[in-house]
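This is the structure, below, for whatever I ask next.
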Amino acid sequence: MDRKENVIFGVNGPVVTVRDSKTFFMQEMVLVGRERLVGEVIRVTAQETLIQVYEETTGVRPGDPVIATGEPLSVTLGPGLVGDILDGIERPLRAIAAKDGVFIGRGTPVGMLDTEKRWPTHLTVSVGEELTGGSVFAEVRETESFLHRSMIPPSLSGMVVWAAPDGEYTIEEPVLRLRDADGAEHAVMLAQKWPIRQPRPFRERLPFTTPLITGQRVIDSVFPIAKGGTAAIPGGFGTGKTMTQHQLAKWCDADLIVYVGCGERGNEMTQVLDEFGELIDPRTGKKLTERTILIANTSNMPVAAREASIYTGITLAEYFRDMGYDVAMMADSTSRWAEALREISGRLEEMPAEEGFPAYLPSRLSAFYERAGSVNALSGHRGSVTVVGAVSPQGNDFSEPVTQNTKRFTRVFWALDKSLAYARHYPSINWMDSYSEYGPELAPYFNARVNPNFTECRRRIVSLLLEESSLMEIVKLVGADVLPDDQRLIIDIARVIRVGFLQQNAYHPDDTYVPLEKQFLMMQTILYLYDAAKALVETGKPAARITETGLYEKLIRMKFDIPNSDLSGFDTVKAEIDATMARLFEPPKEPLSAR
């Protein structure tokens, strides 16, 4: 489509109005003003066209040109994404900073990907092969620990009539030529474009059978998430949402991490960039950034780009999913994204719904989370996109619209608790308010891969925590002294579960990440003590005698005392429990004075 120049009629923040133009179509990308700022068409009527601009509009005025590109707002997908730092519309921030310095300017003419870098490319197809959309045709070693698989665009298919020899190519050089069914030939490059608001196609959606292993006990063992699943992390200021997502990004067993900082404070994003640059990937021994994509859209960046950043992140995640990789996307936070929707909706003078959010907030959240999933991709590979979205309810009010609507569309709810965070209990996930709907679907995996009793142990652990919660209501009213010994025992064991199992130390080498085998043995050992202590209490022995033995403190410390590399220490702990219980079961010796 030929570019046709129109002029601006009015400017209202990031919203620009063009009058009497029939050039534009919905969701078209346009270039606004003399600095060619990137924008997107969001409303078209016979009288006017409304455009949201993804950069600061200061200095833009009526009469400035608006150029139609004829394409929807899209991202470039190809080698060069992994390890880079992008803004909300995929512009590389390092390249922009190299041109503009510390303070990034507007309209900087920088491509989404480096078009001059040459990538070592291995062609995996030959002349005469029939290829369909999504087929892998080349492999590029993008980083030392990540192999990029270049794919045919989904809309293209045909027979290979020419293939370049293995060598080094830029993302814009043709490496393949296809002849379609109509006889037309098409050049295929290492990169392709895709509209960010359009989900990428796949062959079929697969059931959830494999958990995303994070090494965090409260998540893996109590509230697990499946690969391809969706989770929400709601919590007020200071409850540890960002740090929980950092921990997941560092340790989860996904092949690639897409971290979207949507409207977060600049110092938090700086911390993310610094930490990820220093972390060593435990899977490869290389830097974690070699399998990470960071999208930084801080709170002082244009609000419209904040709204687009979530779609940019999920599109990149789907692209790598189609290669056959398991991708974990961290969105921090969807509340800031919803606030951007509210601000733009207000400037469009739309009818507000609850708390000023637009009426289409639920449908937008649903469309976003529905793009997660485990699929059989067009390439024939199995891949997944797992989405973990943080929610920042004002005043820690979980009844506000973003949290409630997110709860409708996610199957895991990790509710962060301010009181736990202030007590330095991390992760501060409240075991009473949280839940996971993936438990039954993942039970076969845990029982087959870890231990046949894994699911039963998990059920009993959760049951004890629920019983403790009920008992604590009584304790608050009348005190613990009125409880019988069997109920006191439940409170003591629940404390071991809370402090010794659910609480984790991110700075301890053996506690920051815990393998599933150790998680199971910890649960099993706690229940082993509970069963032995319950049998003792049933004989009439007081529960206080068990407390005096120090076994509870021993079990609380076992997460530190037993290294991840040698789990034989659990046998020693069980032997100590047996020996201690044997002594307690013995009747007291008769004093000499009574003989």
### Arg458/Asp220 under salt bridge (Lys or Arg N to Asp or Glu O under 4.0 Å): CA gap, chis, key distance, verdict
CA-CA 10 Å; Arg458 173 191 179 274; Asp220 293 344; over 6 Å; no
### Query
Within a strict 4.5 Å, meaning less than it, do heavy atoms of the Met323 and His381 side chains meet?
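SC-SC contact between Met323 and His381 ruled out.
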### Query
Is there a donor-acceptor contact under 3.5 Å from the side chain of Glu441 to the main chain of Pro207?
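No; judged by distance alone, with no hydrogens or angles, the pair does not exist.
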### Message
Closer than 3.5 angstrom, by distance alone: can the side chain of Glu142 be matched with the main-chain N or O of Val82 as a donor-acceptor pair?
### Response
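Here the side-chain-to-backbone pair exists.
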### Query
Can any side-chain N or O of Gln504 pair as donor or acceptor with the backbone N or O of Gly215 at less than 3.5 Å?
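Here the side-chain-to-backbone pair exists.
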### Task
Would you mind telling me which of Val387, Val258, Thr386 makes a side-chain contact (heavy atoms from CB on, under 4.5 Å) with Val327?
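So, applying the side-chain contact (heavy atoms from CB on, under 4.5 Å) to Val327 and each of Val387, Val258, Thr386, only Val258 qualifies.
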#### Entry: Main-chain N/O of Ser335 paired with Ser392 side-chain donor or acceptor, under 3.5 Å
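Checked: no pair found.
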### Task
Flag the pair Glu370 and Arg408 as a salt bridge only when some basic side-chain nitrogen lies within less than 4.0 angstrom of an acidic carboxylate oxygen.
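Salt bridge between Glu370 and Arg408, a charged N being under 4.0 Å from a carboxylate O: no.
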### Query
Would you call Thr209 and Tyr445 a side-chain contact if the rule is heavy atoms closer than 4.5 Å?
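In short, these two side chains do not touch, never coming nearer than 4.5 Å.
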#### Entry: Ion pair check, Arg94 and Asp84, cut-off under 4.0 Å
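Looking at Arg94 and Asp84, the cut-off is met.
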### Query
Centre of Tyr311's six-membered ring, under 6.0 Å away, within 45 degrees of the axis: is that where NZ or CZ of Arg371 sits?
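No.
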#### Entry: Pairwise distance SG(Cys457) to CD(Gln519) - rounded to 0.5 angstrom
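Output value for this atom pair is 12.5 Å.
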### Distance, nearest 0.5 Å, that separates CZ of Arg149 from CZ of Phe320
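Reported value, rounded in 0.5 Å steps: 11.5 Å.
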### Task
Could you tell me which non-hydrogen atom of Cys252 sits nearest to which non-hydrogen atom of Ile257, and how far apart they are?
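Residues Cys252 and Ile257, closest heavy atoms: SG-CD1, 3.6 Å.
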### Query
About how many Å separate CG of Leu156 and CG of Leu131, when rounded to the nearest 0.5 Å?
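The CG atom of Leu131 sits 9.0 Å away from the CG atom of Leu156.
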### Query
Which distance, rounded to the nearest 0.5 Å, do you find between the CG of Leu81 and the CD1 of Ile295?
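Rounded to the nearest 0.5 Å, the CG-CD1 separation comes out at 9.0 Å.
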### Task
Look only at the side chain of Ser366 and the backbone of Pro362, and say whether a donor-acceptor pair between them is shorter than 3.5 Å.
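No, the answer is negative, given that no donor and acceptor are paired below the 3.5 Å cut-off.
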### Message
Quick check against the 3.5 Å criterion: does Gln216 have a side-chain atom that pairs as donor or acceptor with the backbone of Thr512?
### Response
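Pair found, side chain donor or acceptor close to backbone of Thr512.
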### Message
If you define the side chain from C-beta out and look only at heavy atoms, does anything of Met29 sit under 4.5 Å from Val38?
### Response
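Yes, their side chains come closer than 4.5 Å.
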### Task
Begin from the C-alpha positions of Glu307 and Arg197 and carry the test salt bridge (Lys or Arg N to Asp or Glu O under 4.0 Å) through to its verdict.
CA-CA 11 Å; Glu307 188 266 341; Arg197 302 185 191 277; 3.0 Å; yes
### Task
Could you check Tyr435 against Glu437 for side chain to side chain donor-acceptor pair (under 3.5 Å), going step by step and ending with a plain yes or no?
CA-CA 7 Å; Tyr435 62 83; Glu437 297 178 359; 4.9 Å; no
### Message
Could you check whether any side-chain heavy atom of Val388 comes within less than 4.5 Å of a side-chain heavy atom of Val412, counting everything from C-beta outward?
### Response
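No - every pair of side-chain heavy atoms lies 4.5 Å or more apart.
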### Task
Please assess Asp322 against Ser379 for the test side chain to side chain donor-acceptor pair (under 3.5 Å), listing each intermediate value before the final yes or no.
CA-CA 7 Å; Asp322 292 345; Ser379 61; over 6 Å; no
### Query
Mind checking whether Leu316 and Met329 have side chains closer than 4.5 Å, heavy atoms only?
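The answer is no; the side chains never approach within 4.5 Å.
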### Query
Which atom names give the shortest non-hydrogen contact between Ile219 and Ile429, and what distance separates them?
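Answer, listing the atom of Ile219 first, then Ile429: CG1-CD1, 4.0 Å.
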### Message
Does Val160 form a side chain to side chain contact (heavy atoms under 4.5 Å, CB included) with Leu178? I'd like the steps, not just the answer.
### Response
CA-CA 5 Å; Val160 179; Leu178 292 184; 3.7 Å; yes
### Message
Do Thr244 and Gln247 have side chains that approach each other closer than 4.5 Å (heavy atoms only, starting at C-beta)?
### Response
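The answer is no; the side chains never approach within 4.5 Å.
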#### Entry: Taking every non-hydrogen atom, the tightest pair across Tyr325 and Phe146
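Minimum heavy-atom contact is CE1-CZ, 3.5 Å.
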### Trace of the side chain to side chain contact (heavy atoms under 4.5 Å, CB included) decision for Thr115 with Thr170
CA-CA 6 Å; Thr115 57; Thr170 68; 5.9 Å; no
### Query
For Arg141, does the CZ atom have more than 12 heavy-atom neighbours from other residues, nucleotides or ligands under 6.0 Å away?
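Yes, the 6.0 Å shell around CZ holds more than 12 heavy atoms from other groups.
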### Task
May I have the step-by-step check of side chain to side chain contact (heavy atoms under 4.5 Å, CB included) for Leu378 and Arg203, ending in yes or no?
CA-CA 6 Å; Leu378 297 179; Arg203 290 184 182 176; 4.0 Å; yes
### Query
Taking the side chain as C-beta and beyond, is there a heavy-atom pair between Asp253 and Lys227 under 4.5 Å?
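Heavy-atom side-chain distance check passes, below 4.5 Å.
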### Message
Quick check: Tyr369 with Phe409 (ring centres under 6.0 Å apart)?
### Response
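Ring centroids of Phe409 and Tyr369 are no less than 6.0 Å from each other.
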### Query
Between CD of Gln245 and CD1 of Ile233, what distance do you get to the nearest 0.5 Å?
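It comes to 4.5 Å.
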### Task
Mind listing the closest non-hydrogen atom pair of Gln503 and Lys559 along with its distance?
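Shortest heavy-atom separation between Gln503 and Lys559 comes out as O-NZ, 3.0 Å.
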### Task
Ignoring hydrogens and angles, tell me if any N or O in the side chain of Arg179 forms a donor-acceptor pair with the backbone of Gly158 under 3.5 Å.
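Checking the backbone N and O of Gly158 against the side chain of Arg179, no donor-acceptor pair under 3.5 Å is found.
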### Query
Do you know the tightest heavy-atom contact between Ser374 and Arg382?
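The pair with the smallest heavy-atom distance is OG-NH2, 2.9 Å.
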### Query
Does the Asp182 side chain pair with the main chain of Ala184, one donor and one acceptor, at a distance under 3.5 Å?
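Checked: no pair found.
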### Task
Could you pull out the closest heavy-atom pair between Val125 and Val136, with the gap in Å?
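Shortest heavy-atom separation between Val125 and Val136 comes out as CG1-O, 3.8 Å.
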#### Entry: Approximate separation, where rounding is to 0.5 Å, of Leu73 CG and Ile196 CD1
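If we round to the nearest 0.5 Å, Leu73:CG and Ile196:CD1 are 4.0 Å apart.
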### Message
Parallel, tilted or perpendicular, judged at 30° and 60°: which one describes the rings of Phe368 and Trp337?
### Response
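Tilted.
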### Message
When you compare the side chain of Leu31 with that of Thr69, does any pair of heavy atoms fall below 4.5 Å?
### Response
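Heavy-atom side-chain distance check passes, below 4.5 Å.
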### Message
Does either side chain, that of His246 or that of Tyr259, offer a donor lying less than 3.5 Å from an acceptor on the other one?
### Response
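Indeed, the side chains of His246 and Tyr259 share at least one donor-acceptor pair under 3.5 Å.
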### Query
Given Phe570 and Met522, is the side chain to side chain contact (heavy atoms under 4.5 Å, CB included) satisfied, shown in steps?
CA-CA 8 Å; Phe570 287 100; Met522 291 178 70; 3.6 Å; yes
### Task
Tell me, please, which residues at least two apart from Asp332 pass salt bridge (Lys or Arg N to Asp or Glu O under 4.0 Å).
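So Asp332 forms no salt bridge (Lys or Arg N to Asp or Glu O under 4.0 Å) with any residue.
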### Query
Any sub-3.5 Å donor-acceptor pair from Asp511's side-chain atoms to Phe560's backbone N or O?
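Such a contact is absent between Asp511 side chain and Phe560 backbone.
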### Query
Is it true that atom CD of Gln198 has more than 12 heavy atoms of other residues, nucleotides or ligands lying nearer than 6.0 Å?
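Above 12, so yes.
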### Message
Checking the side chain of Glu318 only, and the main-chain atoms of Arg200 only, is there a donor and an acceptor separated by less than 3.5 Å?
### Response
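Here the side-chain-to-backbone pair exists.
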